[in-house]
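Let me begin by presenting the structure, written as structure tokens, before commenting on it.
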Amino acid sequence: MAHYYEVHGLCLRSYLVLPELEAQRKENGCSADLTVTLRPDPVTEFQGGSDIRVESQRAAFRIEGVGHYDIRVGKEIAVSPEPGADPAAIRLFLLGSALGLALHQRGSLLLHASAVAIDGMAIAFMGDQGEGKSTLAAHCVIHEGAKLVGDDTLVVSFDGEGRPWAQPGIPVLKLWRDALQSLDTPTTGLRPDWYRAEKFHWPQSDSFSARPHPLREVLVLADDRQAGTGCISRITGSLAAVAIIDNTYRVEHLDDLRQRAIHFDACMRLANRIPVSRFARERRPSNIREMARLVVSHFRMGHVA
Amino acid sequence: MISAETILVRHSEPVTGLVDGEIVMMSISAGAYFGLNGVGSEIWNMLQEPMQVSAICDRLLARYEVDRETVMREVIRFAGEMLDRGLLRLVPPGELSA
């Protein structure tokens with residue numbers, strides 16, 4: 001039986017139950033953009049272990065002990081689990097890497113970013129792995145009343161007037177143990193991350209906003225010992241555009257020229273449309289709550305209705 | 001070695017975008033992206049046709065409050081980077097007059 005979900009602005013028809021996402025009723029008018037099928041036959045591609053292959057409009061990868069994923073023309077993901085694989089791990093790579101590759105094939109702008117909505121408008125936090133995107137988003141949600149739009153990956157789409165929209169992602173925050181402690185949230189009952197035992201998946205429901213929000217600003221997080229609790233400064237011109245390009249989710253997986261040209265164009269449109277700023281701050285756990293407050297008041301000041 | 005007499009021209013036409021008047025390039029061959037600052041963007045715009053380094057400097061000097069030595073240094077540095085990326089090429093003097 002097929003199940004329907006909405007994620008990253010797509011309607012997903014899945015033959016795998018995905019409890020990480022909120023199920024949609026088919027009659028809600030969700031017509032499937034992307035179908036997830038289960039392929040029970042053994043796959044012989046990548047005999048050597050974990051590996052990936054990205055071709056034009058077809059990508060495949062294997063995670064040893066989990067399964068093989070075959071992604072075609074942005075419309076189909078076929079999953080072949082390995083015997084005894086943990087179902088949660090199968091879904092983790094499906095909703096992560098496999099969905100990311102499918103979105104690239106579709107020409108979506110997929111940023112390596114977390115996003116929250118404040119007063120109905122979204123702000124995205126970009127930065128390298130470990131730069132604190134999720135932690136900042138979590139503090140904005142818990143202490144500042146923001147809604148989570150997405151964690152770690154964010155699809156930005158453009159409407160007919162060229163306005164960028166932040167599409168809701170997966171309602172889960174991935175946080176390190178110390179970040180959870182700073183939010184007084186015990187790790188009991190939370191799933192540890194596949195790769196990093198000290199990182200946990202914290203499901204969000206009421207604090208998650210499942211609708212698209214106008215994206216109004218992008219912050220690039222940067223560690224800076226001199227900056228204290230934070231300093232937000234505008235980045236302009238080609239630097240702003242390159243910051244967006246550099247913070248695309250797995251930009252190296254944009255395979256063919258068509259995909260890369262579409263992606264480049266989307267980055268230019270975004271850089272021309274909304275402010276890109278650098279948020280320099282000294283990363284100390286004691287600073288995070290103050291940083292969230294700073295970000296939210298900065299955002300509100302810039303967008304007085 | 002680039003000097004005042006060196007003649008430069010665009011060697012390839014990468015995919016480009018414009019943000020706040022600055023050019024961003026996607027180099028198809030190298031699989032790399034990079035942005036030009038304001039002056040770099042101006043030089044790139046001049047080099048649709050072959051142009052001597054000294055002539056590029058003259059044009060920039062007419063627009064900016066800066067000494068010739070600084071401009072020359074900047075143009076040579078920029079030209080070196082763009083030559084390395086295969087985006088500019090050197091024009092032999094004979095080719096230009098022909």
Side-chain angles (χ1 to χ4, degrees), chain A residues 52-56 59 104 107 109-112 124 126 128 156 158 162-164 215 217-218 220 233-278, chain B residues 8-48 51 56-57 59-60 62-66 70-71 73-89:
Chain A
I52 181 163
R53 172 176 298 149
V54 183
E55 294 157 4
S56 182
H104 277 330
L109 177 56
L110 180 62
L111 298 180
H112 195 199
M126 302 194 303
D128 293 340
V156 178
F158 296 88
R163 285 177 300 224
L215 180 62
E217 185 166 7
V218 172
V220 184
S233 52
R234 186 82 184 265
I235 308 172
T236 57
S238 56
L239 289 176
V242 172
I244 293 168
I245 293 168
D246 284 347
N247 284 287
T248 299
Y249 180 77
R250 305 223 174 129
V251 70
E252 71 277 11
H253 288 166
L254 288 167
D255 178 61
D256 60 19
L257 198 56
R258 190 193 63 88
Q259 269 182 37
R260 289 187 48 207
I262 292 171
H263 165 252
F264 183 76
D265 180 58
C267 292
M268 293 303 118
R269 288 163 74 181
L270 188 58
N272 274 306
R273 197 75 196 208
I274 61 168
V276 177
S277 302
R278 181 173 184 267
Chain B
L8 299 163
V9 73
R10 291 186 194 172
H11 185 43
S12 63
E13 289 293 336
V15 176
T16 60
L18 205 59
V19 182
D20 304 326
E22 294 183 2
I23 294 170
V24 188
M25 295 181 167
M26 177 173 99
S27 159
I28 290 157
S29 49
Y33 302 86
F34 48 92
L36 307 184
N37 62 18
V39 175
S41 302
E42 281 191 54
I43 301 172
W44 177 258
N45 285 334
M46 291 179 207
L47 291 173
Q48 274 177 306
M51 206 165 169
I56 298 170
C57 294
R59 280 227 214 156
L60 293 172
R63 284 180 41 78
Y64 295 96
E65 276 304 317
V66 64
T70 308
V71 168
R73 198 169 54 230
E74 272 306 296
V75 171
I76 288 174
R77 188 191 56 77
F78 174 79
E81 279 179 22
M82 298 297 273
L83 287 165
D84 289 345
R85 287 171 170 153
L87 289 160
L88 292 181
R89 69 180 176 89

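These numbers come from a predicted model, not from an experiment.
- Of the residues considered (A:Ile245, A:Asp246, A:Val242), A:Ile245 shows the highest number of contacts with chain B, using heavy-atom pairs under 4.5 Å.
- Summarising the geometry, atom CG belonging to B:Asp20 is positioned 11.5 Å from atom CD1 belonging to A:Ile235; distances are rounded to the nearest 0.5 Å.
- Ring-plane geometry between B:Tyr33 and A:Phe264 is classed as parallel, the angle between the planes falling under 30 degrees on a 0 to 90 degree scale with a further cut at 60.
- A:Ser238 places no side-chain N or O within donor-acceptor distance of the main-chain N or O of B:Val24, the cut-off being under 3.5 Å.
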Test log, rule side chain to side chain contact (heavy atoms under 4.5 Å, CB included), inputs B:Leu18 and A:Met268 = CA-CA 7 Å; B:Leu18 205 59; A:Met268 293 303 118; over 6 Å; no

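- No more than 12 heavy atoms of other residues, nucleotides or ligands sit less than 6.0 Å from atom CZ of B:Arg59.
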